[in-house]
> 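Have a look at this one before I ask anything.
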Amino acid sequence: MSTNWNRKDLLGLRELSPEEINFILETADAFKQVGTREIKKVPALRGKTMVNFFVEPSTRTRTSFELAAHRLSADVINISATTSSLTKGETLKDTARNLEALHADILVLRHSSAGAPQFLAQRLKSSVINAGDGAHEHPTQGLLDIYTIRERRGKVDNLHIVIVGDILFSRVARSNIFGLTKLGARVTLVGPSTLVPREFEKLGVTVSYKIDDVLPTADVVNLLRIQHERQRKEYFPGIGEYTTLFGLTKERAKLLKPDCLVMHPGPINRGVEIDSEVADGLQSVILDQVTNGLAVRMAVLYLCGGIAT
Amino acid sequence: MKDTEQNPGVPIMDAEAIRRALRRIAHEIIEQNADLRSVVLAGIPLRGVEIARRLAELIREVAKIDIETGTIDVAMHRDDVGTRAELPVVHASKLPLPLEHRTVIIVDDVLFTGRTARAAMDAISSFGRPARVQLAALVDRGHRELPIRADYVGKNLPTATREQIQVRLQDVDNEPDAVWLFKE
């Protein structure tokens, strides 16, 4: 039995086929089980080296990739923006070539510029995994969201998925949109009109500006984090107003179907995009997302990094 | 089934021969394990899982005891990832826990180099420390590359390294039960 997977890189969900997405999810199923063993480690990537190259700050994605690599017995090096020579004027390509000279087999890249992972993937023999590039894609987050939906609901097709928040600047939203629509889900985007332009409908989704109209038919509500450190005034209404118009408050959560899942990529701004009672409530699968993220990243590292180069 | 005019398979075992071989293995397992209730039959996907299921059924008929079965994935425990052009598909392992004080019998269709059995032992040890680990195979075709031998063998079949052995099982392959030998 061998796989039909033949990609050395994971740059986004846009270029994957539904079969490839499902294959990653099935592989993640097998790796999720490793976390329940007495010894939570397998030798699948023994002798391989993974470099976590985070030019933008991130804790949870970086640690999730790091733990995933450890569980596959790969060696890990962490490089962050402040410790790298990028601050000394070295170009991205030179830094990457240096990493390759160290015989890094897998490069996990978080970068503020869309397309940076693709730029490197075309030039390096190493596997390149996109851990978030600008407002473009964050494929492993999209995959772990889809995995969590599939795990809880048994399927993805024909489900109504509502994504709420700053869609325009969200790579999480884009990866979710590409993956979910490929698997046959119905996706509705909700948020302030400045952050959810109608152009998104070209991707095969519905756009709405009234959250209360959408919630009663939702099978999943995925609340994106309001990145207030990044918001520019001209786009964003202000935190209090945002919560009033789009926050999943305790009252608003009563509109949800009893089996509707509540998701959030984290970290949560309690009281802004979601009330504490809802984030910690029975419908919340936010911590499942964290657990599943590890399994999905193990699958991606195994599939991309395990191919002979 | 890989059956071409240029290279027809040689039938080695038919459904009846497989049934007899598995029945004999079932009897041997009963004889050699005084405490049958502690035995776990751990099949290696895909055909080992089906063979383990059939062995459990045969043991139930003879000894009137339900013994537990499980699945042991070896793909993520192999030592050749990154050196092969194609990656093996990984499956979730499912074993009754804890394994302490139990006898785990690894079940596979063909025993060849022994590397799969080694990976299976490695995988089992990540779940715990069974009292004993044994190995059962429907066909032992020789050519071991590691110091491994089977405790239960359905058929010993001397082969050349370049030859191929293919086991076909109705429930897995949707073909009649059979063992075929292909000359390269």
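To find a chain, count down the sequence lines: A is the first, B the second, and so on, and within it residues start at 1.
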> Does R144(B) have more than 12 heavy atoms from other residues, nucleotides or ligands lying within 6.0 Å of its CZ?
yes
> Suppose a student defines contact as a heavy atom less than 4.5 Å from any heavy atom of chain A. Which residues in residues 114-132 of chain B would they list?
D122(B), A123(B), S125(B), S126(B), F127(B), G128(B)
> Would you say Q134(B) has more than 12 foreign heavy atoms packed within less than 6.0 Å of its CD?
yes
> Would you say NE2 of H101(B) has more than 12 non-hydrogen atoms from neighbouring residues, nucleotides or ligands within 6.0 angstrom?
no
> Starting at CE of M76(B), measure out to OG1 of T27(A) and round the result to the nearest 0.5 Å.
9.0 Å
> For A30(A) versus A92(B), what's the shortest heavy-atom pair and its separation?
CB-N, 3.5 Å
> With a cut-off of 6.0 Å (strictly less than), are more than 12 heavy atoms of other residues, nucleotides or ligands near CG of L282(A)?
no
> Counting only heavy atoms not in D259(A), do more than 12 sit closer than 6.0 Å to its CG atom?
yes
> Could you look at E38(A) and say if it's the side chain, the backbone, both or neither that has a heavy atom under 4.5 Å from chain B?
both
> Report the distance from atom CG of L87(B) to atom CH2 of W5(A), rounding to the nearest 0.5 Å.
10.5 Å
> Assess whether atom CZ of R37(B) is packed by more than 12 heavy atoms of other residues, nucleotides or ligands within 6.0 Å.
no
> Okay, side chain of Q33(A), backbone of S93(B): is any donor-acceptor separation there less than 3.5 Å?
yes
